[in-house]
Number of protein chains: 2
Amino acid sequence: MNKESSTSKRSPLNIQSSQLSSQPEITIDGHTLRWPKFQIHNTTFEGQSYSVGDTCNVDSGLFVLYFLYRTDPDIADDILNARETSPYAILRKMFDLVDTEGWDAARIFCHPPLIIVDIVTPEEEDKYGRYKANDVRIRDVKRVLRVGSVNFIAHLKTKELMDTVKDAVNTLLGRKPTGPKVRYGIVAAGWITQAAFIPGVGQTSNSIITVLVSDDAEKRDKLGKEYNLKPYTYDQFSQALEDGHCDAFYIATPNNQHRKFAVPALEKGYHVLLEKPMEVTEEDCEAILAAQKKSGAKLMIAYRLHHEPGTLDVIDRVRKGDFGDPRIFSSIFTQDMKPENHRAKHGFDTGPIPDLGPYPINAVRNIFGLEPNEVTAIGFKTPGREFLQMEHDTISVTLRFPGDRMAQFVVGYASRPSEGYKIVGTGGEIEVNPSYGFGSGVKIAYKTKISGKEDSKTFPETDHFGGETEYFSECILNNVDPETDGEDGLLDVRVIVAIKESLKANGKTIKLEPHERKKRPTLDQAKTLSLGKAPKALIGRDSQKPTIA
Amino acid sequence: MNKESSTSKRSPLNIQSSQLSSQPEITIDGHTLRWPKFQIHNTTFEGQSYSVGDTCNVDSGLFVLYFLYRTDPDIADDILNARETSPYAILRKMFDLVDTEGWDAARIFCHPPLIIVDIVTPEEEDKYGRYKANDVRIRDVKRVLRVGSVNFIAHLKTKELMDTVKDAVNTLLGRKPTGPKVRYGIVAAGWITQAAFIPGVGQTSNSIITVLVSDDAEKRDKLGKEYNLKPYTYDQFSQALEDGHCDAFYIATPNNQHRKFAVPALEKGYHVLLEKPMEVTEEDCEAILAAQKKSGAKLMIAYRLHHEPGTLDVIDRVRKGDFGDPRIFSSIFTQDMKPENHRAKHGFDTGPIPDLGPYPINAVRNIFGLEPNEVTAIGFKTPGREFLQMEHDTISVTLRFPGDRMAQFVVGYASRPSEGYKIVGTGGEIEVNPSYGFGSGVKIAYKTKISGKEDSKTFPETDHFGGETEYFSECILNNVDPETDGEDGLLDVRVIVAIKESLKANGKTIKLEPHERKKRPTLDQAKTLSLGKAPKALIGRDSQKPTIA
């Protein structure tokens with residue numbers, strides 16, 4: 001997509017340039033705007049490249065309101081004519097201050113108790129025209145007041161307030177709107193897509209699949225007909241972005257093609273549910289993150305276990321101290337890779353570390369609530385498995401975490417499938433097995449030992465793919481940032497990259513920069529959709545299960 | 001003990017020196033002997049230092065027979081007067097050949113179908129006099145014939161034949177005799193001795209404790225009285241060796257004092273049951289092994305799990321291929337070490353690697369039936385556990401085995417106790433938990449998964465200490481080499497030493513020389529003694545359980 005053309009299409013707003021001409025100009029996502037903020041010294045932003053998505057959400061929201069106030073006569077009327085006792089009188093006073101004293105003074109005067117919630121214009125069909133209708137659901141709303149085509153709400157809790165503001169920004173900037181159900185486009189229709197994602201979406205209440213991007217004519221034809229999907233080839237992806245037959249993409253290409261599809265989709269305002277690992281290099285991940293921040297579209301890495309009740313219970317119990325201070329994490333995750341699968345053929349980057357490593361890596365990072373600072377890896381090559389075209393088909397990894405907590409795990413392609421992890425703390429232990437799998441009959445389960453007393457718990461079989469999609473669609477529809485985001489994905493990839501480096505250096509320990517991540521999985525993310533039925537036959541090339549069960 | 005004095009005491013045999021004077025002399029364990037073997041070129045022995053214990057057991061046995069034939073007129077008569085159809089006629093022809101053509105020619109002529117079994121002289125009381133009565137039990141005996149004071153047996157299976165020969169050598173050289181029960185002396189009476197070994201011996205049918213060596217006057221007094229033990233201080237150990245109130249020693253001192261007690265005991269012909277790890281350095285282990293080889297006394301490292309039915313079943317199933325080619329071993333073994341225990345106070349050498357490491361190391365070595373060739377270790381130090389006076393209280397280890405099989409394990413002193421191991425192969429997996437513990441309520445158990453089918457097995461609680469002692473006493477009484485011997489102990493210690501070196505070099509991978517060990521645990525070593533009762537109160541210094549349960 002050409003940004004300029006979309007910008008010209010998207011600029012019907014009647015900016016009263018005379019009112020703003022004294023302000024420096026700034027271009028935000030292709031929109032040339034003027035804002036008093038940039039006139040004054042603001043150490044946060046001065047001299048930096050700037051995107052609405054990067055700034056404080058409250059600022060962005062207020063800026064949206066101000067922008068509307070300056071460009072939409074109806075809204076301006078509502079605000080200007082508000083009674084003195086109305087919350088909107090505060091907004092009016094604030095905007096007066098913006099014009100006279102500058103933006104910072106206005107913010108100090110009016111740390112906003114009221115904010116935009118929802119924009120409900122009738123122009124839903126006008127894709128690149130005026131800002132669009134946005135069916136935002138707000139939890140815990142205390143008071144909603146409609147002014148012109150904008151809903152305002154007073155005394156929202158901070159998180160909802162910020163989400164609301166971001167939503168308004170998204171809408172203003174022409175980001176993807178959503179109907180009652182989020183419409184997904186699939187990019188790549190291999191085994192995981194056909195056997196797990198498509199059936200999973202069928203279990204959700206808020207998601208549908210409307211688009212298929214694949215280079216396999218048979219898949220485009222047969223899947224397109226069976227599920228009523230608009231088909232595109234990979235080369236037609238930019239056209240799919242233009243056409244807008246979906247609101248979000250599920251990208252399940254080989255890892256090294258994630259950036260290629262995720263970046264233009266995010267830049268164009270499409271939400272992206274991206275299979276793990278996020279990409280091959282940290283640079284690739286950062287490019288995807290930058291695209292996401294630029295548009296503010298939502299990005300979630302497909303860590304399906306973040307919505308699986310048993311996994312969340314484990315994380316919750318460990319993090320609340322049921323096993324004391326968690327000190328040790330130990331895990332196995334192996335699969336019996338088939339020779340014909342693409343994962344067997346492309347060296348490290350499709351090998352067990354990127355393919356299986358994210359499970360133990362993501363598990364221990366989120367269970368400890370910490371990021372590792374040292375990575376050591378030893379690689380093994382199994383005789384008789386020469387079809388595994390990689391230097392190492394089995395890898396032993398040791399991680400050091402802050403406070404000298406430790407993790408060790410082994411992943412491999414050259415034995416029977418095995419999984420499970422154990423955490424030992426200063427107050428007890430928990431062993432989880434099955435821990436990583438999904439599908440028919442897989443019930444995540446754990447055993448605990450605290451003060452010598454043993455206990456166990458088995459969780460119901462659920463549709464992990466349906467669960468993650470249901471959750472991501474809720475995030476889109478409610479304008480909430482997903483818990484497992486690009487940062488979560490990047491933090492796994494930097495461990496993967498360090499493992500690669502350690503293997504190349506024959507087991508040298510690789511140091512990582514300290515990093516603190518705020519978001520971690522919480523119990524309320526759990527989804528318990530019953531398992532969707534996988535189709536009898538899978539269609540087209542590379543669509544068979546990659547492993548021997 | 002002065003070897004010369006014992007030699008002079010031990011030489012009542014009427015050597016007809018005129019018959020042997022043309023042969024070169026050799027001194028074997030203090031006995032000056034002449035043997036035609038050394039007259040001829042034998043690439044196996046020429047120019048090497050020589051001990052009877054080192055040579056082919058058949059050679060030794062035949063040499064014993066020849067020695068007796070040349071020195072005992074009764075035996076010589078029996079052999080010389082044997083009928084032509086008797087197996088002993090073969091022996092006579094052989095000895096003729098020894099005198100005329102040399103030893104090698106004799107061996108080729110007569111690869112022995114008959115051999116000495118048992119020497120039953122009346123001189124049982126004469127400790128340093130003539131060779132002693134030896135109550136050897138031979139399984140699968142086909143034919144036993146008594147000639148003078150020696151039993152011969154024809155057509156024995158190879159193993160029994162060799163054991164029998166070795167027994168005759170031992171007896172000839174005045175090694176420790178045994179009565180119907182092996183009499184043990186205890187060296188060090190800490191927790192493991194009082195809470196586990198003494199009650200365990202009480203469960204055996206073939207072992208008693210008769211001697212206590214301890215520097216704790218209270219232990220010598222109270223335990224001595226309670227169990228009717230002859231008490232000695234550590235300084236009196238050489239006196240205990242002279243006094244001969246026991247046939248074997250159980251040595252359970254701190255690891256770095258194993259050599260100090262094991263070497264003189266073995267040199268003096270006492271059998272030794274030595275707690276693991278064998279010692280601190282490989283050099284120490286080799287000194288112990290050399291002492292054992294010199295006297296031929298029996299040495300067993302106290303790997304109690306080599307006699308636990310569940311563990312043996314695991315080893316047997318893995319080694320016979322129930323899980324395909326075993327590729328991956330993963331294990332945790334942690335304990336919550338008390339600040340006051342000596343293990344907390346002496347750095348690496350009493351830390352988790354020597355103390356707990358032998359469990360996973362010995363397990364994987366014997367399960368794979370292979371010796372590791374690379375060792376990598378990463379150490380961790382737990383905040384708040386400064387009483388653990390060691391650089392690392394938790395250690396992650398990765399081992400590479402031949403065929404690029406791998407093991408990883410973690411051992412530590414700074415979390416709640418945890419144990420277990422898992423093996424994943426090309427045909428399935430087995431998870432063992434509990435795997436390492438002992439005592440009341442500990443039932444070794446495993447779960448398997450083969451072709452998707454899960455199964456499990458729990459083994460009865462047994463007395464591990466009683467089992468290993470029963471087994472070792474059987475070895476002594478039946479003159480069989482124990483399966484877990486000094487080599488097994490040394491092979492663990494060289495891994496421990498490599499871990500120490502790797503930790504010092506910040507996780508550098510340490511290479512080990514290839515080594516092939518022939519002996520591995522087998523199902524017939526299993527013992528199922530019911531658990532002995534630990535005493536209510538433990539006596540004296542350092543006798544409390546070292547860990548928080």
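For clarity, every value in this text was computed on a predicted model and none was experimentally measured. Chain A is the first sequence line, chain B the second, and so forth, proteins listed ahead of strands; every chain is numbered from 1.
- When A/Met406, A/Glu374, A/Lys381, A/Glu429 are compared by the number of non-hydrogen pairs under 4.5 Å with chain B, A/Met406 comes out ahead.
- A donor-acceptor pair is defined here as one N or O able to donate and one able to accept, closer than 3.5 Å; no such pair exists between the side chain of B/Glu461 and the backbone of B/Lys443.
- Contact annotation for A/Ala407: neither backbone nor side-chain heavy atoms come within less than 4.5 Å of a heavy atom of chain B.
- Per-residue counts of heavy-atom pairs under 4.5 Å with chain A were compared for B/Ile450, B/Asp325, B/Asn506, B/Thr426; the largest is that of B/Thr426.
- Aromatic ring centroids of B/Phe333 and B/Tyr421 lie 6.0 Å or more apart.
- Proximity to chain B is limited to the side chain of A/Glu431, based on heavy atoms less than 4.5 angstrom apart.
- For A/Pro326, no part lies under 4.5 angstrom from a heavy atom of chain B.
- Using modelled atom types and a 3.5 Å distance limit, the side chains of A/Tyr436 and A/Ser331 yield a donor-acceptor pair.
- At a threshold of 4.5 Å between non-hydrogen side-chain atoms, the residues A/Phe380 and B/Thr398 count as touching.
- Looking at A/Ile423, there are no atoms closer than 4.5 Å to chain B (heavy atoms on both sides), in backbone or side chain.
- Between A/Arg365 and A/Glu371, at least one side-chain N (NZ, or NE/NH1/NH2) sits under 4.0 Å from a carboxylate O, which counts as a salt bridge.
- A/Asp404 and A/Arg400 are joined by a salt bridge, as a carboxylate oxygen and a charged side-chain nitrogen come within less than 4.0 angstrom of each other.
- Contact annotation for A/Thr376: only side-chain heavy atoms (C-beta onward) come within less than 4.5 Å of a heavy atom of chain B.
- For B/Ser418, the parts lying under 4.5 angstrom from a heavy atom of chain A are both the backbone and the side chain.
- Taking A/Gly507, A/Gly452, A/Gly425, A/Ser451 one by one and counting their heavy-atom pairs under 4.5 Å with chain B, the maximum is reached by A/Gly425.
- For A/Gln389, the CD atom counts as densely surrounded, since its 6.0 Å shell holds more than 12 non-hydrogen atoms of other residues, nucleotides or ligands.
- Proximity to chain B (any heavy atom under 4.5 Å) is restricted, for A/Asn433, to the side chain, taken from C-beta onward.
- Residue contact with chain B, scored on non-hydrogen atoms closer than 4.5 Å, involves the backbone and the side chain of A/Thr382 alike.
- Residue contact with chain B, scored on non-hydrogen atoms closer than 4.5 Å, involves the backbone and the side chain of A/Gln408 alike.
- Other residues, nucleotides and ligands contribute at most 12 non-hydrogen atoms within 6.0 Å of the CD atom of A/Glu516.
- Per-residue heavy-atom pair counts under 4.5 Å with chain B were compared for A/Gly412, A/Gly379, A/Gly324, and the maximum is reached by A/Gly379.
- Only the side chain of A/Arg385 has a heavy atom closer than 4.5 Å to any heavy atom of chain B.
- Both the backbone and the side chain of A/Ser396 come within contact range of chain B, judged by heavy atoms closer than 4.5 Å.
- The shortest side-chain heavy-atom distance between B/Arg416 and B/Ile548 falls under the 4.5 Å cut-off.
- Counting only residues at least two apart or in different chains, ring pair (Phe, Tyr, Trp, His ring centres under 6.0 Å) contacts with residues 393-416 of chain A comprise A/Phe368-A/Phe401.
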